[in-house]
Amino acid sequence: MSKNKIRKTLCLNTTTEKDIPLIERIQSVQNFNDYIKRLIEKDIKSRKIVKVESKPNQFSHTGNTTSNLVITKGTTLTLKAE
């Protein structure tokens, strides 16, 4: 394998009820690599921040700003300022 590629492994148990439908699904997919890439891209898009507004922090005397984030559907992202 070339140096510019990353390999990740997925382990599923054929005797676990939760894994059986997953195994059946991936066995029906022609190109597993492309399928996983599309799922990851879909996940990334569903978590995308669509708008960031910065305004002065009314509680700070240092002039720091806070951001009001508008996030699309998906898991809420938490951003921490350093």
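When a residue number appears, it is its place in the shown sequence, counting from 1.
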Return the [atom1] to [atom2] distance between [X] and [Y], rounded to the nearest 0.5 Å.
X: Glu41; Y: Asp34; atom1: CD; atom2: CG; answer: 9.0 Å
X: Leu39; Y: Ile44; atom1: CG; atom2: CD1; answer: 11.0 Å
X: Ile40; Y: Lys45; atom1: CD1; atom2: NZ; answer: 13.0 Å
X: Thr14; Y: Ile23; atom1: OG1; atom2: CD1; answer: 5.5 Å

Counting only pairs under 3.5 Å, give me each side-chain donor-acceptor contact of residues 2-12, with atom names and distances, residues two or more places apart or in other chains.
unit_1, atom_1, unit_2, atom_2, d
Ser2, OG, Asn4, OD1, 2.2

Original post:
Is Ile20 linked to Ile26 within one hydrophobic cluster, defined over Ile, Leu, Val, Met, Phe, Trp and Tyr using a side-chain heavy-atom separation of less than 4.5 Å?
Top reply: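 Per the 4.5 Å side-chain linkage, Ile20 and Ile26 are not co-clustered.
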**OP:** Could you tell me which residues satisfy side-chain hydrogen bond (donor to acceptor under 3.5 Å, both in side chains) with Ser28, sequence neighbours excluded, listed by chain and number?
**Re:** Arg25
